[in-house]
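Okay, structure first, notes after.
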Amino acid sequence: MPAAQGPRRALYIRFHRGHPVAYYIRAGGWDKSQPRATGPTRCRLSDWQMLTLVGEDRPGIVARVATTLTEGGCNLGEASMIRLGGNFTIMLMISGERSGPDLERLLAPVAAELHLRVHVDPASGGLHRHLVPNIQVRVIGADRAGIVAAVTTALAQTGFNILELESDVAGDAERPVYIMNIQGCSEQTVESLRDAVAGLHAQGIAVDIAPVETLIG
Amino acid sequence: MGIREILRVPDERLKQVSTPVARFDAVLQLAITELEETRLAGPAAVGIAAPQVGWFERVVIVDVSTKKGVYNHGHLILVNPEIEHWEGYEIGREGCLSVPDYTGNVIRATRIRLTAQDPRGKPLALEMDGYEARAVQHEIDHLDGLLFIDRVVSRRTDLFRRKVYAAQGAGSGGGGMQPGARQGP
């Protein structure tokens, strides 16, 4: 129905092959026949297990573990793998019918072969529970005991919720430098957070606090 | 009434390159109005691009004036926008109406110069930086079939994706998939 017939009540736009086309009278509702995007089918189990694997790093660990889990009927949720001090570490959300001991049995052969230690915890929570950080904290200081404790305690006293924390030791063996990046949520102003960590400067710890503005477009 | 359904990943149509707008007529004005109504109906988006509602022409809307302390040009409707100059780079966190419940860090040029047309076809030339420049780059990416998730960088190491040219192809790891080919700060 490309042209208006009878009284023109309103002008409507539809997109035909990606281009806007005007209609004067809405005729029978929009075309619902367009295919809708659908994601992969996912088991909607409320219970998740948190699987932790630690061991010597080598190529192919994730592929072997993920294949074993998939072939064992498990679904994988959010995951975080990182190399720490040359070690392989990963935490994975797993759902499926298997209990914790059953998961450990499933992974035992691959864990033995790849020299991985396996740990499974029941986990509450689920997917789609992300919090968006609004504050970033960068910390640099000559490496010494207590930097993480000092900074995070100062932040915790303001109610700061850490969402991500990464730290590393840079420099060299003679002059190691501790570098830590934190992203998190806070209801305090940037100024009050800066006040909260101001005392750390006297201890040789530089703490930079900046707002994180997440752009949604 | 004028609110459109937002296409979401993994809808293949989001990878489509949009065509330039040729007709600056009443249909265009109405389509722009509906695009803006759709932006405002969703979660606090500072921009929207036509392909996000299944309209594959080069139109974006950006308005960062609601953000405190952000220098901006106000409410911008950019038709056939073209970035002509990039300067600097910085990392910032982005999300997208087409990628619900996910945010990631993306490298964007700090300062850009661009040309565009307004909804009536009048030429525009703009210079912008920071948050507004980021928003415009994010939206123009949609016109080239790119999403911010094509540009997300590691949280731990602020890695650039290496630019790989076809002539270098062998052994360089899938250069043909390089998403940032059109843009280069």
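Chain naming here is simple, since letters A, B, ... match the order of the sequence lines and numbering starts at 1 in each.
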Are there over 12 heavy-atom neighbours, none belonging to R120(B), within less than 6.0 Å of that residue's CZ?
no
Indicate yes or no: does R13(B) engage E5(B) in a salt bridge with an N to O separation below 4.0 Å.
no
Measure distances from P43(B) to the heavy atoms of chain A and classify the residue's part below 4.5 Å as side chain, backbone, both or neither.
backbone
So what's closer than 4.5 Å to chain A heavy atoms on V70(B): side chain, backbone, both or neither?
neither
Please determine if D144(B) and R58(B) form a salt bridge, counting it only when a charged side-chain N lies under 4.0 Å from a carboxylate O.
yes
Chain A contact via A44(B) - which portion, at a heavy-atom distance below 4.5 Å
backbone
Could you tell me which portion of F148(B) (side chain, backbone, both or neither) has an atom closer than 4.5 angstrom to a non-hydrogen atom of chain A?
neither
Relative to chain A, which segment of S18(B) carries a heavy atom at a distance below 4.5 Å: side chain, backbone, both, or neither?
neither
Find out whether L147(B) and H142(B) are in side-chain contact, i.e. whether some heavy atom of one side chain is under 4.5 Å from a heavy atom of the other.
yes
Heavy-atom contact with chain A under 4.5 Å, split by part of E57(B):
both
Under 4.5 Å from any heavy atom of chain A - which part of E12(B)
neither
Does a salt bridge link R151(B) with E94(B), judged by any charged N lying under 4.0 Å from a carboxylate O?
no
Quick check: are there more than 12 heavy atoms from other residues, nucleotides or ligands sitting under 6.0 Å from CZ of R23(B)?
no
